[in-house]
Structures are given as C-alpha cells and as structure tokens.
Amino acid sequence: MNETGHSGSLLKPAKLKTATAVELARVNKWYGDFHVLRDIDLKVMGGERIVICGPSGSGKSTMIRCINRLEEHQAGHIVIDGVELTADLKKIDEVRREVGMVFQHFNLFPHLSVLENCTLALIWVRKMPKKQAEEVALHYLKRVKIPEQAQKYPGQLSGGQQQRVAIARALCMNPKIMLFDEPTSALDPEMVKEVLDTMVHLAEDGMTMLVVTHEMGFARQVANRIVFMDEGQIVETNAPEEFFAHPQHERTKLFLGQILR
Amino acid sequence: MSSELPAAAHPAKVVFYNDPRVRSILYQLALCAAVAFLVYGAASNAIENLARAHIASGFGFWGHTAGFDISQTLIEYSSRGSTYGRAFWVGLLNTLLVAGVGIVFATIIGFVVGIARLSRNWLVAKVAGGYVEIIRNLPLLLQLLFWYNAVLKALPDIRDSVVLRGGIFLNNRGLFLPEPVFKTGFGAVLFALLAGIAGAVIFYVWARRRQERTGQQAPVFSVALALLVGLPLAAFMLAGRPLGFEFPQAGRFNITGGIEVLPEFAALLFGLSIYTAAFIAEVVRAGILAVSRGQTEAAYSLGLTPGRTLRLVVVPQAMRVIIPPLTSQYLNLTKNSTLAVAIGYPDLVQVFTGTVLNQTGQAVEVVAITMLVYLCISLGTSLLMNIYNSRMALTER
Amino acid sequence: MTMAEGDLAVTEIAFVRHSTIGPRPPPAAMTGALGWLRENLFSSTFNIALTVLIALLLAWIIPELVKFLLVDAVWTGADRDACLESVQHREIGACWPFVWERLPYFIYGSYPIPQRWRVDVFFALLAIGIVWLLWLNAPRRDLAAFYFFVIMPVSSFILLTGWSAIGLQPVDTVLWGGVLVTIVVASVGIVFSLPLGILLALGRRSHMPAVRTLSVIFIEFVRGVPLVTVLFMAGVMLPLFVPESLSPDKLVRALVGIAIFASAYMAEVVRAGLQAVPKGQYEGAMAVGLRYWQMMRLIILPQALKVTIPNIVNTYIGLFKDTTLVFIVGIFDLLRTIEVARIDPKWATPVTSTTGYVVAAIFYLIFCYGMSRYARAMEARLARGDRR
C-alpha cells in the first residue's frame with residue numbers, strides 16, 4: 001500500500017494483490033430486528049464490473065456500504081483484496097484507502113474548492129506535499145473532463161459537474177475498487193449521460209467496479225455481471241444479455257417488467 | 001362601451017386622496033405628527049414634574065462626589081474622593097468582568113453538554129438532555145437566588161470558616177484567596193510567556209509550510225503546549241521563583257489581606273454560566289446536526305480518521321451555523337448580568353441606575369446613559385456579526 | 001474460509017436462487033436488553049468509563065434529592081421547631097409545613113381574603129381562554145381569539161381591580177401578590193405582545209420610510225437593552241412623563257415595561273413568519289382586489305402565524321420566565337413572596353430557603369415545560385402537514 005506520496009505511482013492504475021477483489025461470504029446484517037441482508041454470497045474478481053439492481057429496500061446500498069465499513073455486518077465474512085473487514089480499526093483504514101466510493105448526493109465538501117476537495121485526502125491520509133497533490137488532482141480532474149473548474153466551489157457547479165468531481169476525488173486516492181451508490185439518481189436527465197460516460201471510460205481502463213443503479217443501458221454496455229437483489233438476498237445473477245433476454249426467477253421477471261418499457 | 005376614448009396624452013387624473021403616493025405621504029405625516037405630539041407632551045410634563053421636585057437636569061452630577069462605598073472595585077475608588085463618573089466606570093468594569101468570565105465558562109460547559117447530547121452513549125445523552133431541559137425552563141432569577149441564598153449564604157460564618165490548604169478561607173462573606181505578590185524577576189516569566197506564544201505561532205506556521213512542501217506532519221499541538229507551559233515555567237525556576245503570596249489573616253471579626261471573591265460575584269457567575277450554557281448547548285447541537293451525515297461518510301470513505309474528519313470537514317461547516325446564534329447568546333448573558341441588582345453585586349445597573357439614581361434623583365439622564373451603554377454593546381456586536389456572516393457565506397451560484 | 005454449499009453456484013456468472021431465505025432473528029448478543037446495553041452504554045472503553053462515572057454521579061444525586069424532598073421531609077408542624085434538627089433530633093429535609101401555611105400567600109399575595117373568589121374566577125376565565133384557543137378541534141376558534149384578546153382582559157381587569165358600581169369592592173394593586181401577579185404580568189405580556197408585535201412587524205416591512213424607520217428604531221432599541229433597564233425606565237420615568245393627575249401605580253408601570261419589551265421580541269418572530277409566506281400569496285391577494293388590511297387579515301397573517309407558532313410559544317416561555325424580573329422593581333410576584341416568606345423568623349431554619357425555591361421551581365417547571373411540549377407538538381404537526 002502507498003503510504004507516502006509519490007505522484008508517479010498514483011497516476012498509474014493500482015494493482016490488486018490477490019485475484020479476488022471482493023468476497024462476501026454468508027454476510028448477514030440486521031437493523032434492530034429487521035433482517036436487511038440475508039446470507040449474501042458474492043465473489044468479485046479483479047477487473048470485473050458488477051451492476052447491482054433491485055427494488056427499493058432490497059438492501060443493495062446496504063450491501064455495498066458494508067464493503068467499506070460505512071455499515072457493519074453482524075455475521076459472515078467480508079474480504080477485500082485479502083484483508084478481512086472486522087472491528088479492527090487498522091484493517092478498516094487499510095480497506096478504506098483502497099476502496100473509493102461515489103454517493104448519490106455527491107457529498108462534496110462545500111467549504112472547500114473543487115481542487116481542495118480532491119487534495120484533502122491526499123495531503124492528510126497519503127501525506128503528500130501540496131504541489132504534488134495538486135498535480136494528481138488536476139490529472140484526475142482532466143480525466144473527468146473538468147479541469148477548468150478547479151478553483152470553483154461545489155455550490156457553483158451543476159449536478160453533473162459535482163458528481164464528476166466526486167468521481168475525481170475518489171480516483172485521486174488511486175483505489176483498486178470503486179463503489180457507486182446510485183450515482184445518477186439525483187441528477188437531472190440531461191446530466192446523466194456525462195456521468196455515465198465518465199464511468200464507462202473508467203471501466204475501459206480496467207477498474208474493478210460495483211455499481212448500484214437503475215441505468216440498464218449502462219449495464220448492458222459495461223457490466224460483466226448483473227446481480228439482482230430482492231428482500232435482502234441475491235436472487236439472480238447473469239451476464240447482461242442473458243439477464244435481460246432470459247430472466248429465470250419470477251421476481252426478476254416482475255422487476256424487469258416494471259423498469260423496462 | 002364608449003367609442004370615444006380620450007386620447008391618452010397623459011395618464012388619467014386621479015383624485016388626490018386616492019393616489020397611493022399621496023396617501024402614503026399623508027399617513028406618514030400623520031404618524032410623525034402623532035409621535036412628535038407625544039414626545040412634546042412627555043417632555044413638557046417631565047420638565048414640569050422635575051421642577052416641582054427640585055431635581056436638577058443635565059450631566060453636572062457626573063463630577064459630584066459619590067459618597068458611597070462599592071464592595072468590589074477593579075480600579076481605584078473611594079467613597080470620599082471619587083465622583084459619580086468614577087462610580088460609573090467601576091460598575092461598568094464589574095459588568096464586563098462577570099460577563100467576560102461568564103462567557104468563557106458558559107462556552108466551555110455549553111460545548112461539552114451540546115456534544116454530549118449527541119453521544120452514542122444513552123446515559124450521557126439523556127443526562128445532558130435533562131440538564132438542558134431543566135435549566136432552560138427555570139427563570140434565571142430563581143437560579144441566581146438559589147445560588148446566592150441557599151448555597152453561598154448558607155456557608156458558615158467568618159468565625160467557622162472552612163479553611164483549605166494553601167491558606168484559603170471559605171465563608172458566607174466570600175472566598176478569600178492568597179494574593180500573589182510579584183517580586184522582581186517576574187517580568188522574565190511574562191516575557192517567557194510571550195516568547196512561548198510567539199514560538200507556538202511560529203512553529204505552527206513553519207509546520208504548515210513544511211507539510212505543504214513535503215507532506216510530513218508535525219505534532220503542532222504538543223509542541224505548542226510545551227512551549228506555552230514549559231518556557232514560562234523554566235523562566236520562573238531560573239529567576240529564583242519570583243512569586244510571593246500575601247495570605248489572608250483571620251482576625252476576630254474580619255479577614256484581612258488576600259483577594260476577596262464576593263459571594264455575589266460567585267453566585268452571579270455560576271447562575272449566568274450554567275443558565276447560558278444550556279442555551280449554548282442547543283445551539284452547538286443544532287450546528288453539528290446541520291452538517292449532513294453524508295459529509296462524514298464521504299470523508300470516511302476517503303480514508304480520513306474520525307478525528308481529522310471532525311477537524312477538517314464537520315467543525316468548519318458546523319461553526320458557520322453555530323457562530324451567529326452563539327454571539328446572540330453572549331449578548332443575552334451580558335444583558336442578563338443586570339440581574340446583579342437582585343443580589344447586590346455592584347454591576348453597572350446596581351451602582352449607577354440603583355445608588356447613583358437614588359442619590360441624584362436624575363432618573364432620565366441616568367437611565368438614558370445606562371441604556372446607551374448596553375445599546376452600544378448590542379449594536380456593535382450585531383454589526384461585527386453581520387460582517388462575519390457576509391465573509392463566511394458559502395460561495396454559491 | 002469456505003463458501004456454503006447448496007443453492008449457491010459460486011464462480012459461475014449465472015446463478016438463480018431456488019429457495020427464498022426467510023427473515024431470521026438477529027444474534028442474541030445484538031438484541032434485547034443485553035444488546036441494547038452493549039450498543040448504547042458500553043460500546044468502547046471510553047464509553048464504559050463515562051457510563052460508570054455518570055451512573056455513580058446519579059447514584060449520589062438522586063437518592064439525596066429523594067431524601068430531601070420526601071424521606072427526611074417534615075410534613076406537619078406549626079413553626080420552625082418542626083423543621084429544626086436540634087429539636088427533632090434527626091436529619092431534616094424539606095420543610096413542607098412552611099409551604100402549607102404560606103400557600104395562600106404564595107397564590108394570592110395580600111389580596112383580601114373575602115374577595116379571593118374573584119381571583120379564582122379570573123384563573124378560571126384564563127384557563128377557559130387558553131384551552132379554547134389552543135385546542136385544535138375546538139369550535140369557533142375565531143371567537144376564541146376575540147374572547148382571549150378582548151373580552152377576557154377587560155372582564156379580568158374589572159374583576160380584579162374592582163368596580164364599586166356593580167358591587168365589586170376595589171382592591172389596590174399593592175395587595176396583589178404571588179401566583180396572581182405572575183399570571184397577570186404574563187397574561188398582559190402575552191395579550192399585548194402579539195397584536196403590538198404584529199403591528200411592529202408589519203411596520204418594519206412597510207414601504208413607507210417613516211413607518212419603517214420608526215419601527216426599526218423601536219424594535220432595535222428595545223431588543224438591545226436589558227429588560228431590567230426597561231423596567232427601571234418604566235418605573236422611574238413613566239411618572240415623569242405623564243401629568244401628575246394620571247400617576248400610574250407600580251404594577252401598571254411594570255406591565256407597560258413588560259408589554260413594550262415583549263412586543264419588540266414578538267415583532268421579530270412575526271417578521272420571520274411574514275418572510276416565510278411566499279411572495280405569490282401577496283400577489284394573489286392583490287390580484288383578487290383585496291386591500292392592504294384585508295389582505296393581511298385574511299390571507300397573510302393566518303399563514304405567517306401558523307408557521308411561527310412554535311417560535312411564538314418559545315417567546316412566551318421566555319416571557320413567562322421574565323415576569324420574575326418585576327421582583328426588581330418592587331412588585332410582589334411569586335418569587336418575591338417566597339423571598340419575603342422565607343426570611344420570616346417564625347420559620348427560620350436552614351432548609352426553609354431551599355424549600356421555598358423548590359416550590360418556585362416546581363411551579364415554573366410545570367408551566368414552562370408544559371408550554372415547550374405544546375410547542376414541540378405543534379412543530380411536529382406542522383411538519384406532518386407539509387408532507388404530501
């Protein structure tokens with residue numbers, strides 16, 4: 001893992017240590033009495049792009065939030081690139097450094113400029129000198145195609161621009177795995193495309209991605225596997241073409257009938 | 001419909017009393033006339049009544065001898081030599097003293113309680129909540145009277161004073177502390193303190209620069225603390241401990257020497273601090289809650305520790321929401337310090353609007369001056385607050 | 001680490017679940033009393049330390065409180081001997097006989113005993129008014145406003161001060177005291193501050209510069225000075241400004257001070273409510289042809305007031321607590337009557353003062369806490385109403 005800053009290594013895609021990027025084994029989670037995740041078994045190999053879909057309340061967001069310990073699971077094992085997630089704070093920090101997350105509501109820091117949003121973690125977590133951090137940040141801002149907004153504040157940007165900044169911010173830490181929690185659900189329709197295009201480019205560069213989304217066009221274009229969840233469990237998984245053309249389970253058919261016109 | 005509309009060379013004429021502009025002017029004239037009439041009536045009545053009671057007018061009383069004692073004076077004052085004007089300053093300084101110390105205590109207690117209310121620990125949160133609910137629903141005057149009469153006045157008499165180690169006497173006339181006597185060489189300690197402050201600031205700036213250049217972090221807090229405490233301490237030792245104490249001596253009816261902390265001051269201080277802290281706790285709680293959970297989640301997912309997340313992401317945003325209502329609570333505390341008159345603490349109102357007004361009878365001048373002082377404090381603070389707000393507003397489209 | 005067999009095909013891309021997993025109860029350590037304790041009280045070493053500390057603190061305070069108020073308390077007696085340790089030879093808590101004997105004084109002050117029924121009628125009229133106004137399902141609540149702000153004040157005034165013409169013996173305000181005075185001062189504050197506050201708020205938002213300037217000056221001046229100075233001003237300056245024949249009595253002066261002070265604060269609260277009413281409402285009302293006062297009365301003010309009811313109630317709570325300040329200008333409100341009673345030599349014991357303050361605390365807690373619960377309920381109700 002990278003501790004001190006060396007901008008060169010941060011600009012090259014990070015390599016996983018093991019072949020399996022994420023493994024969830026019999027993961028169970030409860031909110032009080034409510035059994036929100038039931039016996040989740042999922043194995044994501046390096047370089048795979050997984051799209052997770054399902055009706056609201058099915059536990060999709062909860063599942064990926066367990067991967068970077070924003071939520072805690074009560075039973076089962078979660079292993080990220082060989083590191084098991086437990087209550088051990090050091091392990092949690094390790095995992096969070098290597099897993100990036102993009103949120104539905106962007107969660108940019110409004111009191112910092114776009115550039116400062118991106119360099120914050122580089123300076124304080126990777127302990128980089130400021131100049132280097134800014135170079136890295138600009139590199140990724142260019143990658144999401146908004147380098148000219150570097151000095152603006154989040155309040156001055158459109159939704160689509162903010163989400164792209166959020167993606168750049170996550171990429172600055174050079175994560176091995178990227179998690180997306182409904183990244184386009186809060187955007188006006190005309191801005192969805194720019195964000196999806198950014199994510200497609202990311203996929204083309206070989207990033208391991210887990211994406212919770214309703215954008216089926218994106219899924220068809222980019223996903224290796226589609227995972228359908230309902231009532232806290234994985235109901236069906238398949239490659240995109242097969243998934244859309246020949247859904248097997250009753251509930252999958254019902255769901256697809258509702259969202260595809 | 002008439003087919004002969006007059007050519008509109010100019011807009012149609014309106015009857016003057018229906019014209020809104022004319023009406024508005026008439027209303028305002030009527031209002032100003034009414035106010036002027038009232039003011040004139042009040043003033044002439046006042047002149048008549050004052051003349052009848054042979055009370056002087058004007059501010060000449062400011063230079064007259066006061067002739068009464070004040071139990072706590074931060075500056076030189078004597079009943080025989082000092083003027084009413086001097087008494088004014090004594091009272092004002094006492095107000096500022098209790099307000100200043102009260103603000104410090106209230107802020108500390110308020111922040112602790114406010115954060116405690118948000119704790120995951122159920123017991124801590126509930127106890128903090130209980131404190132806030134009870135204190136906010138009891139009148140401040142009741143709390144002051146309780147502290148003064150039921151607690152401090154219930155302490156033993158002078159003859160049975162509680163004696164603490166270090167020569168401290170506690171009784172119902174006050175808390176008697178040893179008075180520090182600064183011998184030669186103490187100047188070096190003060191100098192060392194200033195040097196410590198300067199050193200801490202310089203170190204902080206240097207550490208920031210170094211972090212920007214190389215990314216390495218330095219333990220700023222520990223070093224600053226060491227400088228602020230260590231340097232003065234070293235200077236103190238090296239100068240041969242230039243600090244003596246004049247200990248209070250217990251006589252038969254009195255205690256002489258030392259510093260006397262009046263029970264009036266202590267009661268007012270406790271009452272004001274505890275009361276205002278309950279309100280500050282709510283302000284702090286609202287400020288922290290105003291920062292959405294998503295901000296902490298985003299910071300955690302980037303790998304920031306909870307401590308750094310608080311310092312770099314949550315607190316800056318929370319402070320924007322906290323500071324305006326916080327200053328308004330500080331103003332409330334300052335205004336509430338006027339309750340001193342109920343327990344006899346010689347603040348501005350008690351000394352000036354109380355004793356001085358009684359002795360000179362010049363109610364209008366005295367009350368006007370007092371109100372002017374508080375008005376200046378309030379308006380001045382509001383002005384500063386507005387400037388602060390406009391500078392700190394988050395930049396938006 | 002192994003994967004479970006059975007319905008799961010692990011490394012293949014395609015998978016279909018054949019049997020549904022039903023919900024299961026959470027593991028024992030998570031639920032029930034034990035789980036809740038772990039989660040909330042003992043989740044980390046720091047938390048454990050805090051819990052222990054606070055539990056110790058409570059274990060010290062609460063028994064002491066119960067001891068003082070109930071266990072060691074004296075319940076009957078005729079004078080101080082009943083509450084003195086040296087006489088009773090045991091630890092003494094609260095001196096309740098002191099309260100029983102002086103309770104009428106705390107409630108009525110020195111109001112003549114045969115006339116005290118008038119005070120009771122006043123309390124009843126006030127209670128009716130409050131319930132009628134605040135109970136949301138009450139019939140004809142518009143009449144309730146008229147009753148509360150017009151009928152009740154006038155009839156209460158006549159009732160309490162007396163009017164020989166109808167056989168009510170005049171009672172000088174000097175004799176009033178205790179809860180009667182507190183309620184009178186608070187009620188006057190409430191009744192006058194809302195209408196005056198509305199006028200001031202409208203004045204502040206007016207387009208007429210003279211009106212606006214005068215309103216701003218008044219509001220900022222009164223809000224910038226302490227209530228004590230306003231009471232002093234009313235107390236010593238009011239007699240100077242009126243011709244000698246009209247010299248107002250002490251209570252009236254204090255009431256004027258309180259009313260002025262409360263109006264300025266209420267003005268700001270109402271102003272916030274007026275700002276919350278969308279501009280479209282003003283435009284719609286004007287488009288329909290309503291004139292200024294009609295627009296305000298029928299459209300704008302009802303909405304503005306509804307939105308700020310929680311803030312209005314909070315201001316009333318503050319006003320209720322501020323009534324204690326009339327103590328300082330010599331009016332015998334509840335606190336002052338307690339002060340007078342507690343230094344009575346007949347009941348001089350070390351616990352008399354605390355007992356007196358406990359009585360005051362109970363009174364104010366009930367009223368203020370009750371009002372704050374009402375405010376919170378209104379807030380919740382308003383929030384619910386906004387959700388579609």
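Just so we're on the same page: letters track the sequence lines, and every chain starts at 1. For clarity, every value in this text was computed on a predicted model and none was experimentally measured.
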Checklist entry - Are the side chain of W30(A) and the backbone of P27(C) linked by a donor-acceptor contact shorter than 3.5 Å? => result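 Here the side-chain-to-backbone pair does not exist.
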Next on the checklist: For the backbone of V16(C) and the side chain of H249(A), can you confirm whether one donor and one acceptor N or O come within less than 3.5 Å of each other?
Outcome noted: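 Such a contact is absent between H249(A) side chain and V16(C) backbone.
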Checklist entry - Where on I226(A) is there a heavy atom nearer than 4.5 Å to chain C: the side chain, the backbone, both, or neither? => result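 Neither the backbone nor the side chain of I226(A) comes within 4.5 Å of chain C.
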Next on the checklist: Heavy-atom cut-off 4.5 Å, strictly under: side chain, backbone, both or neither for D230(A) against chain C?
Outcome noted: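 Neither part; nothing is under 4.5 Å.
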Next on the checklist: Under a 4.5 Å cutoff for heavy-atom pairs, which residue among E236(A), Q233(A), E48(A), Q248(A) has the most contacts with chain C?
Outcome noted: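 Ranked by heavy-atom pairs under 4.5 Å with chain C, first place is Q233(A).
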Item to check | Residue among V36(A), T252(A), N238(A) with most heavy-atom pairs under 4.5 Å to chain C | outcome: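 Answer, by heavy-atom pair count under 4.5 Å with chain C: N238(A).
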Around atom [atom1] of [X], are there more than 12 heavy atoms from other residues, nucleotides or ligands closer than 6.0 Å?
X       : atom1 : result
R373(C) : CZ    : no
R297(C) : CZ    : no
K253(A) : NZ    : yes

Checklist entry - Looking only at heavy atoms, what is the nearest atom pair of R38(A) and I21(C), with distance? => result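 Shortest heavy-atom separation between R38(A) and I21(C) comes out as NH1-O, 3.0 Å.
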Item to check | Where G32(A) and P26(C) come nearest, the two heavy atoms and their spacing | outcome: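 Reported closest heavy-atom pair: O-CG, 3.4 Å.
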Checklist entry - Looking at I234(A), V235(A), D41(A), V227(A), which hits side-chain contact (heavy atoms from CB on, under 4.5 Å) with F15(C)? => result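 When I234(A), V235(A), D41(A), V227(A) are each tested with F15(C), the side-chain contact (heavy atoms from CB on, under 4.5 Å) holds only for I234(A).
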Next on the checklist: Are the side chains of T237(A) and R17(C) in contact, using a 4.5 Å heavy-atom criterion?
Outcome noted: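 A side-chain contact under 4.5 Å is absent here.
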Checklist entry - Of the backbone (N, CA, C, O) and the side chain (C-beta and beyond), which part of P23(C) lies under 4.5 Å from a heavy atom of chain A, both, or neither? => result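 Both backbone and side chain.
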